[in-house]
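Have a look at the structure below, then the notes.
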Amino acid sequence: MSSYKALTRSLARTYLRDPVALIFSLVLPPVLLVGLALAVSEQTVAASASMLDVIGPGVVAFGAACNGMLSGARSVADWRESGLGTLLRCAPVRVPTLLSAALSVAIAVTLVQALILAAVGLGMGAGMTATAWIPLALVPAVLGTLLFCSIGVVVGVLVPSTAVATAVVLAIVAPMTAFSAVAAMTDSLPGVQALSTFLPTTYLLDGLRWPLTSVGDATHALFGWSILAAGGASLFGVATWCMRWE
């Protein structure tokens with residue numbers, strides 16, 4: 001068995017035994033979506049779009065970003081706490097292989113998460129509008145996971161423990177998603193609009209809204225995908241460099 005496969009299986013088992021990761025990745029996003037569905041009900045925004053069609057994809061963005069960052073940050077912090085990091089440095093395993101295994105687990109969880117949210121939002125009456133392009137939403141979900149998992153690795157290198165890593169991830173992802181969602185709903189807040197252009201969650205949300213609910217257009221979605229791809233590739237390189245000095 002290759003080192004990549006062995007590491008991926010080991011990390012997947014570790015994830016399934018981690019209640020914090022399971023709650024934030026697979027439980028919190030669907031609960032948040034249901035809560036939003038009950039709160040906004042039949043409200044509409046510009047162009048008569050359902051409020052949930054505008055902000056519902058934000059829950060998917062939050063889930064993918066949170067899962068990606070938690071996977072990267074908690075993995076690195078846990079390796080340090082358990083002493084596994086020292087063993088891995090002595091093993092014939094290259095850093096890109098190690099991070100690729102962690103990323104693979106994060107992407108698999110994101111895909112499961114996306115299916116759950118699609119079932120809740122589209123198939124179980126939460127109120128989101130189905131489109132013919134839903135499968136394309138997997139593209140930004142995967143690219144977003146790459147980007148945020150890479151950011152998470154950097155966070156994991158900097159923080160002292162998994163508990164701190166979790167707190168830092170939530171402190172970063174929650175405001176990011178909130179500002180991006182507000183900017184998506186209104187252009188009457190120029191300060192929020194200006195800030196949102198610097199937030200990766202904005203491009204993740206842009207990449208998700210069109211294939212999920214037909215809000216926005218394909219041009220915005222493709223631009224979001226390209227930003228996520230370029231940012232994810234660059235930050236994966238940064239994460240690899242940081243891990244070499246961990």
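Position 1 is the first residue of the sequence; numbering continues from there.
In this view, Thr14 satisfies the side chain to side chain donor-acceptor pair (under 3.5 Å) rule with no residue, not counting sequence neighbours. In this view, Arg74 and Asp18, Thr166 satisfy the side chain to side chain donor-acceptor pair (under 3.5 Å) rule, not counting sequence neighbours. Qualifying side chain to side chain donor-acceptor pair (under 3.5 Å) partners for Ser150, counting only residues two or more places apart in sequence or in other chains: none. Looking at residues two or more places apart in sequence or on another chain, you find a side chain to side chain donor-acceptor pair (under 3.5 Å) between Thr202 and Ser180.
The side-chain heavy atoms of Ser71 and Val109, taken from C-beta on, include no pair separated by under 4.5 Å. Counting heavy atoms from C-beta on, the side chains of Leu22 and Val27 never come closer than 4.5 Å. Between Val238 and Val153 the shortest side-chain heavy-atom distance does not fall below 4.5 Å. Put simply, the side chain of Phe223 does not reach to within 4.5 Å of the side chain of Thr219, judged on heavy atoms. Residues Pro29 and Gln113 are in side-chain contact: their nearest non-hydrogen atoms beyond the backbone lie under 4.5 Å apart.
Pairs of residues two or more places apart, or lying in two chains, never qualify as salt bridge (charged side-chain N to carboxylate O under 4.0 Å, His left out) while including a residue from residues 218-230. For residues 22-34, the set of pairs meeting the side-chain hydrogen bond (donor to acceptor under 3.5 Å, both in side chains) definition, not counting sequence neighbours, comprises Ser25-Asn67.
For the 3.5 Å distance criterion, the side chains of Ser104 and Tyr4 qualify, holding a donor opposite an acceptor.
One N or O on the side chain of Ser196 and one on the backbone of Gln193 form a donor-acceptor pair closer than 3.5 Å. Here the side chain of Tyr203 pairs no donor or acceptor atom with the backbone of His220 at under 3.5 angstrom. Checking side-chain atoms of Trp210 against main-chain N and O of Ala221 turns up no donor-acceptor pair under 3.5 Å.
Looking at Thr201, Thr177, Leu117 one by one, the single match for side-chain contact (heavy atoms from CB on, under 4.5 Å) with Phe62 turns out to be Thr177.
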